[in-house]
2 protein chains.
Amino acid sequence: MELNEAKIKYIQTWGSLATSWGVNKTMAQVHALLLVSTKPLSAEDIMDALKISRGNVNMNVRALIDWGIVKKEFVVGERKEFFVAGKDIWELFKQITKERKKREIEPVLKVLEELQQVEDNTEEGAQFKKVLGDLSSVTNQVNSMLEKAIRADEHWLLSNFTKMIKK
Amino acid sequence: MELNEAKIKYIQTWGSLATSWGVNKTMAQVHALLLVSTKPLSAEDIMDALKISRGNVNMNVRALIDWGIVKKEFVVGERKEFFVAGKDIWELFKQITKERKKREIEPVLKVLEELQQVEDNTEEGAQFKKVLGDLSSVTNQVNSMLEKAIRADEHWLLSNFTKMIKK
DNA sequence: CTAAACTTTCAATAATTATTGAAAAATAAA
DNA sequence: TTTATTTTTCAATAATTATTGAAAGTTTAG
């Protein structure tokens, strides 16, 4: 396989993968494009490479910046804006984890806690509260694990995980 | 808040949460409904509770069974099928993790490996391979972590995590 | 076997989500 | 300032995804 073909295949694959994780396909493709690009790209470069409209590029680049995984960059002598994606994949993983945790996990925990306040002393009420409590518990555990992952260094995952499950 | 109100709110919340993780809203709601139900529910019960069509119930219940998180159950004297969701939330978490790992993470690893076979000795090719290698590495690490989580017992997450990040 | 009870399928339709493109707003140069 | 360049917005439209409902298929009872 030739380099450009491989890049295109990577960008396409990443895009379709994204949809199964609730991420906009184009957003994932723009990120993938920037990730394998050797130089900063302008809105026009992205439009051309992915064959999408200016508005679409603007929206998705902004979202990526919002997620903290793409940055604006200025090129000397050029008036327009250029964009780059950080090349450190561990950083990328941490950043995405951090954002999803904040945007999606923490709000769920809040709702679960709130719902547990239900006033009901029947057997059925007790069972409902049990389910909510268990959901909270597992979600909290996952949350605190992610929290620690975000703070940990690049190698904890592989090198130290074994310790955790021994006894 | 009253019990039934709380159940409804829980089911709705779970449904909208699901969409941000790439899960069909109705599928999540059906699961949530079964989770807080004290008895097995028939297709009609689900239709009534969620105000959805028979076909929709059938599709989504089947998907849930496919994911291994809902089971058919037979009620004595009744001809039709009933459904129940396992009430063990840790089991649920493990099952979902297992399925997503198999369906979504493993195929990505395969593609990444395949793409690394690209024949190219330029500087640009090297950089591309570096990015792919790093993506593989982090994905592999996450994958092996999830693998271990699936095999671990209910309390590893909370009780043993601390060990992992020390040193 | 035949009929009733129940489940599954799937083409048509609806609902949701993403994309376009042109106009408005913002920014910088002349 | 005025003008040229670039970015942003957003209503209209397209594409995708989910849902319906009735017909076909299956299973069980009589």
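Under a 4.0 Å N-O distance rule, the pair B:Asp66/B:Arg62 does not qualify as a salt bridge. In this structure, A:Lys102 pairs ionically with A:Glu99, as a charged nitrogen and a carboxylate oxygen lie closer than 4.0 Å.
The separation between A:Met59 atom CE and C:dA18 atom C1' is 9 Å, rounded to whole Å. Remark: P of C:dT20 and CD1 of A:Ile46 are 13 Å apart, rounded to the nearest angstrom. Atom CZ in A:Phe83 sits about 11 Å away from atom C1' in D:dT8, given to the nearest Å. Atom P of nucleotide C:dG21 and atom CD of A:Glu44 are separated by 14 Å, given to the nearest angstrom. Going from atom CD of A:Glu81 over to atom C1' of C:dA25 covers 14 Å, rounded to whole Å. Whole-Å rounding puts the A:Phe74 CZ to D:dT7 P distance at 9 Å. Rounded to a whole Å, the CD atom of A:Gln29 is 13 Å from the C1' atom of C:dT19. Put simply, CE on A:Met47 is 14 Å from P on D:dT8, counting in whole angstrom units.
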* To do: Could you give me the CA-CA distance, side-chain angles and deciding distance for B:Trp14 and B:Leu35, then say whether side-chain contact (heavy atoms from CB on, under 4.5 Å) is met?
  => CA-CA 11 Å; B:Trp14 221 240; B:Leu35 198 60; 5.8 Å; no
* B:Asp45 and B:Ser42: side-chain hydrogen bond (donor to acceptor under 3.5 Å, both in side chains), yes or no, with the steps? -> CA-CA 5 Å; B:Asp45 295 335; B:Ser42 69; 3.2 Å; yes
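Side-chain contact between A:His31 and A:Trp67 is absent, with no heavy atoms from C-beta onward closer than 4.5 Å.
For the pair A:Lys25 and A:Ala43, nearest-nucleotide mapping onto DNA chain D gives the more 5' position to A:Ala43. Mapped onto DNA chain C by nearest heavy atom, B:Arg62 and A:Asn60 fall at different nucleotides, with B:Arg62 at the one closer to the 5' end.
Heavy-atom distances under 4.0 Å link DNA chain C to A:Lys51, A:Ile52, A:Ser53, A:Gly55, A:Asn56 of residues 50-58 of chain A, given in residue order.
A donor-acceptor contact under 3.5 Å links the side chain of B:Arg79 to the base of D:dT28.
A donor-acceptor pair is defined here as one N or O able to donate and one able to accept, closer than 3.5 Å; no such pair exists between the side chain of B:Ser37 and the backbone of B:Leu33.
The listed nucleotides are D:dT9, C:dT8, C:dA18; the one nearest the side chain of A:Asn24 is C:dA18. Closest contact between the side chain of A:Lys80 and the listed nucleotides D:dT6, C:dT19, D:dT8 involves D:dT6.
Within 4.0 Å of A:Thr26, counting heavy atoms only, lie sugar-phosphate atoms of the nucleic acid but no base atom.
For the side chain to side chain contact (heavy atoms under 4.5 Å, CB included) test with B:Arg100, the passing option among B:Ile105, B:Val23, B:Leu146 is B:Val23; the others fail.
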